[in-house]
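Let me begin by presenting the structure, written as structure tokens, before commenting on it.
Proteins get letters first, then strands, A, B, ... in listed order; numbering begins at 1 in each.
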2 protein chains.
Amino acid sequence: MPERAFTAGLRLDRVRLNISESTVRRLSFYLRILEKTGDAGVDTLSSEELAERTGTTAAQVRKDLSLFGSFGKRGLGYAVPQLASELREILGLDRTWRVALVGGGRIGSALFEYGGFRHRGFEIVAVLDADPAKVGTIWGDVVLSDISNLEAVLRAESVDIVVLTIPAEAVPDVLDRVVAGGVRGILNFAPVQLRVPSDVTVKDVHMVMELEALSFALSQTGGE
Amino acid sequence: MPERAFTAGLRLDRVRLNISESTVRRLSFYLRILEKTGDAGVDTLSSEELAERTGTTAAQVRKDLSLFGSFGKRGLGYAVPQLASELREILGLDRTWRVALVGGGRIGSALFEYGGFRHRGFEIVAVLDADPAKVGTIWGDVVLSDISNLEAVLRAESVDIVVLTIPAEAVPDVLDRVVAGGVRGILNFAPVQLRVPSDVTVKDVHMVMELEALSFALSQTGGE
DNA sequence: TCCATTCTGTGAACGAATTCACAAGGGCCT
DNA sequence: AGGCCCTTGTGAATTCGTTCACAGAATGGA
Ligand SMILES: NC(=O)c1ccc[n+]([C@@H]2O[C@H](COP(=O)([O-])OP(=O)(O)OC[C@H]3O[C@@H](n4cnc5c(N)ncnc54)[C@H](O)[C@@H]3O)[C@@H](O)[C@H]2O)c1
Ligand SMILES: NC(=O)c1ccc[n+]([C@@H]2O[C@H](COP(=O)([O-])OP(=O)(O)OC[C@H]3O[C@@H](n4cnc5c(N)ncnc54)[C@H](O)[C@@H]3O)[C@@H](O)[C@H]2O)c1
């Protein structure tokens with residue numbers, strides 16, 4: 001058995017361990033369940049219970065967590081608040097992320113008004129749009145900026161993450177400027193493939209493609 | 001080499017071939033690119049070109065397509081309009097899907113006003129909500145119904161797909177009724193794990209989890 | 001007609017992710 | 001203290017998805 005070094009319960013050797021996207025998605029889910037059951041007063045959960053509530057298997061839960069350390073007690077399970085706190089640290093949610101919303105249209109404003117982001121530490125510190133009728137309007141406690149000021153705003157507000165909710169045609173231009181502005185995390189809602197340097201991370205929300213996947217699934221099973 | 005039977009270019013033996021989710025997602029992407037380049041007058045694309053535009057590899061493109069048939073010409077590539085039409089058939093987009101929107105809040109109304117769904121054959125034929133102030137209001141050419149009429153509306157409108165944009169707490173109840181109403185495709189925006197019978201397909205749009213995945217990625221690379 | 005060129009379609013090799021299975025740790029009861 | 005039961009942590013086996021590599025179909029030019 002190889003010896004291991006721990007820091008606050010986190011493996012040091014995770015530095016270059018490759019964590020898969022599916023593992024990360026599940027970690028988010030575990031955290032959500034832990035917070036919910038913690039609020040309900042439960043203080044211990046087994047991998048089996050966590051798996052059942054998140055729609056996976058007990059072995060998967062244990063494997064996912066073991067990539068980062070040993071957080072459970074054999075014979076007992078996982079201490080809910082402790083594990084939640086470990087997961088927050090692992091996911092980088094033990095800090096505030098400064099987010100700029102680029103595109104103040106239908107999706108953009110729905111996101112802006114949604115409380116679920118701030119609650120998780122994602123603070124919208126700027127909103128930008130190209131529409132002169134929108135520039136200067138007050139959004140909560142920020143003033144909507146003109147897209148021409150993009151670079152200045154990104155710098156002035158130390159933006160970590162940009163949420164792109166602009167039409168597909170407008171993406172390439174704006175994307176280049178966002179990347180040039182030093183932003184290394186992008187959440188994209190436009191139905192296009194984003195081309196970015198390898199040190200920039202993009203996550204896509206492709207609702208139409210999800211619907212198309214539903215269409216495929218329904219066509220398959222319905223046709224027999 | 002096993003002999004094969006073809007019907008309109010589609011393999012009959014796909015009936016029980018297991019198509020992965022990633023393949024389906026990529027098929028959607030191929031279709032989008034084909035339509036875009038087709039509109040631009042291009043009439044042939046190689047797997048290499050298709051791969052480059054969708055962010056995958058040529059081998060992957062060919063493998064994905066070969067799961068359903070032989071659509072290309074060796075030495076030449078794929079005929080754009082033909083392949084687009086094949087993909088539409090494969091994905092079940094050669095028909096109209098009748099969609100009910102359950103939850104006429106921020107996300108629900110953004111989706112409703114978005115043209116990209118109808119354009120792809122997803123027609124919103126009903127909107128439902130629990131808020132008395134919203135019931136009876138006119139949404140395009142439908143009248144918003146009270147959620148208490150859910151079953152009746154699903155039946156009357158022959159709804160194929162339900163889009164769930166209601167708060168997480170309201171989901172379990174409504175979900176049961178949707179499933180009981182015979183709907184077999186659900187697009188879910190609430191941050192909960194949906195528990196459905198195996199003949200019902202669920203796709204999730206979990207924006208907060210995508211942001212958390214960004215947070216994880218930025219924490220990893222930023223910390224070294 | 002024949003050859004050179006190009007790009008598909010697909011088995012085979014590879015690699016990644018999931019599941020299995022069990023040794024060992026920990027708590028609790030007698 | 002000892003024994004029993006429960007549940008973790010993790011190598012090994014398996015399954016699943018991607019990449020490789022090449023034989024062979026189509027085209028165009030000589
Ligand atoms: N609304 C939906 O339900 C939905 C669903 C799926 C995908 N999307 C995608 O999300 C994106 C936004 O959709 P939407 O419905 O909110 O669109 P929208 O038209 O309501 O909003 C787009 C906003 O972007 C602004 N804009 C345009 N060009 C700009 C530029 N160069 N710089 C800055 N701002 C610019 C516009 O002024 C507008 O305010 C689109 O790419 C769309 O395809 C939307
Ligand atoms: N808005 C966002 O940006 C965003 C982002 C991520 C996830 N979500 C999720 O999407 C869902 C909807 O979010 P939203 O921002 O549109 O919320 P919202 O509060 O704006 O809208 C929810 C709507 O559902 C209705 N409703 C409540 N209970 C109902 C019931 N039992 N039956 C029918 N309708 C009912 C409400 O009347 C309201 O109109 C939530 O689960 C939310 O967590 C939203």
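- Nearest to the side chain of A:Ser22, among D:dT19, C:dT18, C:dT10, sits C:dT18.
- Judged by atom type and distance alone, A:Arg74 reaches the base of D:dT8 through a side-chain donor-acceptor pair under 3.5 Å.
- Distance, B:Asn18 CG to D:dT15 P: 14 Å, rounded to whole Å.
- The side chain of B:Tyr78 places an N or O atom within less than 4.0 Å of a non-bridging phosphate oxygen (OP1 or OP2) of C:dG9.
- Taking atom CD of residue B:Glu21 and atom P of nucleotide D:dG17, one finds them 9 Å apart after rounding to whole Å.
- Across its full length, the helix from C:dT1-D:dA30 to C:dT30-D:dA1 shows an angle of 0° between the axes of its 5 terminal pairs at either end, rounded to 10 degrees.
- Using a distance-only test at 3.5 Å, with no hydrogens or angles considered, a donor-acceptor pair links the side chain of B:Glu49 to the main chain of B:Ser46.
- Checking B:Phe122, B:Trp97, B:Phe112 one by one against B:Phe117, the side chain to side chain contact (heavy atoms under 4.5 Å, CB included) holds for a single residue, B:Phe122.
- For the pair A:Thr57 and A:Leu76, both in contact range of DNA chain C, the more 5′-proximal nearest nucleotide belongs to A:Thr57.
- B:Phe71 places its CZ atom 16 Å from the P atom of D:dA26, with the value rounded to the nearest Å.
- Spacing between atom CG of B:Leu65 and atom P of C:dG9 amounts to 7 Å, rounded to whole angstrom units.
- One finds a side-chain N or O of A:Gln60 lying less than 4.0 angstrom from the OP1 or OP2 phosphate oxygen of C:dT19.
- For the pair A:Leu31 and A:Arg120, the minimum side-chain heavy-atom distance is below 4.5 Å.
- Taking atom CD1 on B:Ile19 and atom P on D:dC16, their separation rounds to 13 Å, with Å as the unit.
- Side-chain atoms of B:Thr44 do not come within 3.5 Å of backbone N or O of B:Val80 as any donor-acceptor pair.
- Judged by distance alone, with hydrogens and angles left aside, the side-chain atoms of A:Arg184 form no donor-acceptor pair with the main-chain N or O of B:Leu218 at under 3.5 Å.
- DNA chain C lies under 4.0 Å from at least one heavy atom of each of the following residues of residues 26-51 of chain A: A:Arg26.
- In this model, the phosphate group of D:dT8 is approached by a side-chain N or O of A:Arg62 to a distance below 4.0 Å at OP1 or OP2.
- At distances below 3.5 Å, not a single donor-acceptor pair connects side-chain atoms of A:Thr54 with backbone N or O atoms of A:Tyr30.
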Stepwise salt bridge (charged side-chain N to carboxylate O under 4.0 Å, His left out) test for B:Asp204 and A:Arg25: CA-CA 12 Å; B:Asp204 296 290; A:Arg25 207 183 13 261; over 6 Å; no
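- Atom pair B:Leu83:CG and C:dG9:C1' shows a separation of 14 Å (rounding to whole Å applied).
- The closest donor-acceptor contact from the side chain of B:Arg177 to the backbone of B:Ile147 lies under 3.5 Å.
- Looking at the side chain of A:Lys73, the nearest of the listed nucleotides D:dT10, C:dG27, D:dT19 is C:dG27.
- One interatomic measurement links the two molecules: CG of B:Leu67 to P of D:dC16, which rounds to 14 Å at whole-angstrom precision.
- A donor-acceptor pair is defined here as one N or O able to donate and one able to accept, closer than 3.5 Å; no such pair exists between the side chain of A:Ser85 and the backbone of A:Pro81.
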